[in-house]
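A short worksheet on the structure shown next.
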Amino acid sequence: MDKSQTIKLLVCVAVLLTLWNIPASFLGMPDLTMIEQRVIALFAFTALMWILETIPIWTTSVFAMVAMLLTVSNNSLVFFKAGDIAPEVYGTAISYKAIMASFADPIIMLFLGGFALAMAATKVGLDINLARVLLKPFGTKSETVVLGFMIVTAVFSMFMSNTATAAMMLAIVAPVLRSLPADGKGKIALALSIPVGANVGGIGTPIGTPPNMIALKYMEESDLGSIGFGQWMLIMVPFVIVVLAFAWFLLIKMYPFKQKNIEITIHGAFKKDTKSIIVYITFAITVLLWMLDDKTGMNANIVALIPLAVFCATGVIDKNDLKSISWDVLWLVAGGFALGVGLDKSGLAKHIVEAIPFDTWSPIMVFIGSGLVCYLMATFMSHTATANLLMPILGALAVGMKDAIEPYGGAVTMLVGVAVASSLAMAMPISTPPNALAHATGVTEQKDLAKIGIPVGVLGIALGYILMIALGSTGFFK
């Protein structure tokens with residue numbers, strides 16, 4: 001650990017100890033219990049560690065879960081227990097089972113199913129061959145090739161990791177970039193089409209990106225509204241199309257091509273062996289079941305386990321493949337869920353809601369304000385970490401403002417709006433892995449990402465909230 005990281009860690013620890021030990025009255029919430037104050041301290045510490053990235057963000061999540069078990073659970077270390085402290089002063093200890101259950105949350109199962117589909121598709125070459133087929137209709141005209149890469153990337157990102165999709169598509173486009181004129185701007189448009197397609201495309205399905213799944217979790221828990229897999233796609237796929245069309249227009253106008261045509265060569269053919277056929281059929285059935293969840297009665301979390309079971313049982317995925325699953329992402333999300341449990345079960349979320357004068361705020365201001373805060377945070381830190389930080393608070397906020405926000409779609413509008421805002425934060429290389437991968441090609445600069453990312457983000461957030469509020473006002477989410 002270098003000097004700067006050590007300083008960051010010391011700052012985080014100082015914040016933890018300060019919030020842990022200062023008089024509760026300093027925090028502006030009357031009757032704050034010891035357990036609630038400890039949760040505040042741990043939440044602030046975790047948030048700072050995520051933002052500053054003193055250690056890898058997934059390890060911060062693991063630490064947060066263990067720290068909660070040791071200090072605020074009903075099975076904590078003896079000197080953190082109530083002892084002779086009055087119950088009203090000590091507060092309600094959180095069930096250690098509830099904290100541990102964060103790692104087996106149904107949304108984590110949805111992640112696993114998505115990872116299994118992506119892994120199997122890659123193993124049998126389904127992804128690269130689909131890319132070949134899907135890019136063919138866009139021909140060779142430079143501007144339509146950009147559109148093709150953007151759309152194909154977006155489609156893959158709806159069902160695969162945004163990062164994996166961006167890496168795959170950038171590998172396909174790399175030789176094309178090298179063939180374009182060195183002094184031409186068109187290559188910038190082509191390189192940027194990949195991260196834009198990946199970030200925006202992930203909005204299209206609940207499994208497209210972690211913030212979507214985190215939003216679903218808190219919608220289910222708030223019991224203030226719900227949105228099924230098919231219903232989500234019905235709303236978000238048209239939204240994605242509009243935002244991508246705007247992004248494409250910006251790209252070709254800001255970065256015009258010198259040459260009229262681009263040749264794309266992708267070798268390969270669909271395999272016809274048993275394992276490949278199993279993947280094709282399972283992939284199609286899983287996506288179909290996700291889209292028809294309101295007809296089948298099975299939610300997306302349960303459906304997600306079908307490909308995992310099928311691929312493991314048939315040998316498409318073996319134990320070595322399971323080791324390569326992005327467990328760091330699962331731990332990161334689980335840590336956020338654990339903090340949400342702490343906020344809820346300790347009573348802190350209720351306290352926070354009661355301490356803020358929501359009766360003086362308009363619902364529209366709350367929606368847009370939360371979206372902008374999320375957008376700014378997600379520009380400088382992990383989208384998943386941002387969603388993990390904000391969703392528990394906004395879930396509690398939705399409960400506190402239930403009557404006020406109900407006419408505008410309630411918790412669905414609030415939480416889905418924040419998930420969309422986080423995905424649209426793509427103005428810097430550090431904003432999201434697809435951005436970093438595109439920047440690493442050497443074709444794009446920081447200013448290029450900002451020139452496209454900011455207007456696309458602003459338009460997307462405005463359009464997203466208009467769409468969600470309009471639908472919510474009609475009772476669409478009931």
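Note that these values count all heavy atoms, side chains included, but never hydrogens, waters or copies made by symmetry.
- The two residues Thr46 and Ala64 have their closest heavy-atom pair at OG1-CB, 3.5 Å.
- Shortest non-hydrogen contact noted between Thr54 and Cys12 is OG1-SG, 4.4 Å.
- A donor-acceptor contact shorter than 3.5 Å is absent between the side chain of Ser276 and the backbone of Lys272.
- The environment of CZ in Phe283 is crowded: more than 12 heavy-atom neighbours from other residues, nucleotides or ligands sit within 6.0 Å.
- Scanning for salt bridge (charged side-chain N to carboxylate O under 4.0 Å, His left out) contacts around Lys123 gives Asp321, with sequence neighbours left out.
- Contact detail for Gly315 and Lys275: the closest heavy-atom pair is O-NZ, 3.2 Å.
- Heavy-atom minimum distance, Trp232 versus Gly204: CD1-O, 3.5 Å.
- Lys8 NZ: more than 12 foreign heavy atoms inside a 6.0 Å radius.
- Taking a 6.0 Å sphere around NZ of Lys136, one finds it holds 12 or fewer heavy atoms contributed by other residues, nucleotides or ligands.
- Test Asn199, Ile203, Leu459 against Leu424 for side-chain contact (heavy atoms from CB on, under 4.5 Å) and you get one pass: Ile203.
- In this structure, Ser157 contributes its side chain and Asn162 its backbone to no donor-acceptor pair below 3.5 Å.
- Annotation: ring pair (Phe, Tyr, Trp, His ring centres under 6.0 Å) contacts of Trp331 (sequence neighbours excluded): Phe103.
- The backbone N or O of Ile364 lies less than 3.5 Å from no partner atom in the side chain of Tyr465, so there is not a single donor-acceptor pair.
- Tyr375 and Gly453 get closest at one heavy-atom pair: OH-O, 3.8 Å.
- Under a 3.5 Å cut-off, the side chain of Trp58 and the backbone N or O of Gly335 do not form any donor-acceptor pair.
- When only modelled atom types and interatomic distance are considered, Asn212 and Thr209 share no side-chain donor-acceptor pair under 3.5 Å.
- Considering every non-hydrogen atom in both Gly197 and Thr153, the closest pair reads C-CG2, 3.9 Å.
- Judged as a ring pair (Phe, Tyr, Trp, His ring centres under 6.0 Å), and not counting sequence neighbours, the contacts of Phe63 are Phe45.
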